[in-house]
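First comes the structure, then the notes that go with it.
What you see is a predicted model; the values in this text were computed from it and never measured. For the numbers below, each heavy atom of this structure counts, side chains included, while hydrogens, waters and symmetry mates do not.
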Amino acid sequence: MDQKHASSPLAGAVHDLATEVVLALRSGDHLATVCGAAGIDEENRTGIAAVRVIGADLLLPSVLYGRHPHPGDVAVLDKAVREFPPKPDAPAATAWSHWHMISTLQRMAPPAPGTAAPGTYAEPDAAWLEEAPWQAFTHQLSVLAPLAVPATPSAVRRAAANRAVDLSRGFVRAVRRRDWLQAAGAGRWLAAIGGEPATLGLDRGLDFVELMGGHDPRVTLHVRAARLMAEARAR
């Protein structure tokens with residue numbers, strides 16, 4: 001990210017949101033409001049756009065700890081879904097992110113009686129992932145890292161599970177290229193699905209990724225999510 005974009009209001013809002021998600025993941029406090037702590041409400045247009053970037057990871061602490069999300073965060077995520085629907089020619093990753101936001105809201109915070117739901121959105125196509133070269137596959141999966149959560153079946157998750165070795169290769173490649181965000185996203189998927197070669201050393205690899213890329217809270221977010229899912233699988 002160049003300096004111009006790093007200093008933009010949207011980039012700053014994304015940074016603050018990701019930081020608050022990380023703090024909630026570390027504390028396990030399901031009642032803490034991520035958006036409130038980041039100074040974002042339903043009237044903050046830049047903040048709503050930042051939530052669209054973070055996607056369903058806004059509710060990740062509640063998803064991983066199995067607790068109710070804060071109503072304020074639910075309201076802001078719902079607003080982001082309604083305000084920023086994908087265009088008909090939107091990239092596949094955008095369509096999948098939108099689908100996951102809606103499905104997360106439906107699962108974690110179903111609408112109250114008499115309240116309109118954000119609408120249905122059919123699961124997008126993922127056949128293109130099956131034939132994608134492993135480098136492109138890893139890139140796309142890292143962009144879709146918010147979908148790497150427990151008990152959320154999707155075509156993307158099935159593709160990831162079927163290509164764990166390719167994803168492992170992509171993780172190593174991202175580390176070597178010092179692409180810490182891609183490495184963290186790939187590592188999060190591997191922690192969610194398993195099946196990586198034992199020689200990969202995923203735990204130590206994630207430690208290294210966080211050490212080198214931890215200045216970006218999105219990297220820390222993915223690494224922390226990976227650790228929590230790995231711990232849950234080990235129990």
Inset, instruction - Show your working on side chain to side chain contact (heavy atoms under 4.5 Å, CB included) between V34 and L60 and close with a plain yes or no. - result: CA-CA 10 Å; V34 172; L60 184 61; over 6 Å; no

Inset, instruction - Return the set of residues passing side chain to side chain contact (heavy atoms under 4.5 Å, CB included) with A37 (not counting sequence neighbours), or none when no residue passes. - result: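 So A37 forms a side chain to side chain contact (heavy atoms under 4.5 Å, CB included) with E20.
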
Legend entry - Reported CG-to-CZ distance for the pair D166 and R173, which is rounded to 0.5 angstrom: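 So the CG of D166 and the CZ of R173 are separated by 12.0 Å.
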
Legend entry - From CE (M108) to OG (S103), nearest 0.5 Å: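 Going from the CE atom of M108 to the OG atom of S103 covers 11.5 Å.
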
Inset, instruction - Before accepting this row, confirm whether a basic side-chain N of the pair R45/E83 lies closer than 4.0 Å to the acidic partner's carboxylate O. - result: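 Salt bridge between R45 and E83, a charged N being under 4.0 Å from a carboxylate O: yes.
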
Legend entry - Residues R218 and D216 bridged, charged N to O under 4.0 Å: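 The answer is yes: the pair qualifies as a salt bridge.
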
Shortest non-hydrogen contact between [X] and [Y], atoms and distance:
X    : Y    : answer
L17  : G47  : CD1-O, 4.3 Å
P217 : V22  : O-CG2, 3.6 Å
A80  : I48  : CA-CG2, 3.6 Å
A56  : T104 : CB-OG1, 3.5 Å
G55  : L77  : O-CD1, 3.8 Å
P197 : S168 : CD-OG, 3.3 Å

Heavy-atom donor-acceptor pair, [X] side chain to [Y] backbone, under 3.5 Å:
X    : Y    : answer
S97  : T94  : no
Y121 : P85  : no
D179 : Q182 : yes
H100 : P146 : yes
D41  : N44  : yes
D73  : C35  : yes

Inset, instruction - Answer whether the closest heavy-atom distance between the side chains of E196 and L167 falls below 4.5 Å. - result: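 With C-beta onward as the side chain, the pair stays apart.
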
Legend entry - Contact check, side chains of I102 and Q106, non-hydrogen atoms, under 4.5 Å: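 Yes, close enough: below the 4.5 Å cut-off.
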
Legend entry - Residues E130, R163; criterion side chain to side chain contact (heavy atoms under 4.5 Å, CB included); working and verdict: CA-CA 8 Å; E130 298 176 5; R163 300 186 62 178; 5.6 Å; no

Legend entry - Results of ring-ring contact (aromatic ring centres under 6.0 Å, His included) for H15 - residues two or more places apart only: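 H15 satisfies ring-ring contact (aromatic ring centres under 6.0 Å, His included) with no residue once adjacent residues are dropped.
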
Legend entry - ring-ring contact (aromatic ring centres under 6.0 Å, His included) partners of residues 166-207, not counting sequence neighbours, each pair once: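 Listed once each, the pairs are W180-F208.
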
Inset, instruction - Sort and list the pairs that fulfil side-chain hydrogen bond (donor to acceptor under 3.5 Å, both in side chains) and have at least one residue in residues 134-161, not counting sequence neighbours. - result: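 Pairs touching residues 134-161 that pass the test: none.
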
Inset, instruction - Decide yes or no on side chain to side chain contact (heavy atoms under 4.5 Å, CB included) for R177 and V172, but give the supporting numbers first. - result: CA-CA 9 Å; R177 291 165 60 92; V172 173; over 6 Å; no

Contacts table for residues 222-231: side-chain donor-acceptor under 3.5 angstrom, sequence neighbours left out:
| unit_1 | atom_1 | unit_2 | atom_2 | d |
| --- | --- | --- | --- | --- |
| H222 | ND1 | R188 | NH1 | 3.0 |
| R227 | NH1 | E210 | OE1 | 2.5 |
| R227 | NH2 | D207 | OD1 | 2.5 |
| R227 | NH2 | E210 | OE1 | 3.0 |

Inset, instruction - Could you give me the CA-CA distance, side-chain angles and deciding distance for E123 and W96, then say whether side chain to side chain contact (heavy atoms under 4.5 Å, CB included) is met? - result: CA-CA 7 Å; E123 182 175 299; W96 271 106; 3.0 Å; yes

Legend entry - Pairing residues for R233 by the salt bridge (Lys or Arg N to Asp or Glu O under 4.0 Å) criterion, not counting sequence neighbours: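 Per chain and number, R233 pairs via salt bridge (Lys or Arg N to Asp or Glu O under 4.0 Å) with no residue.
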
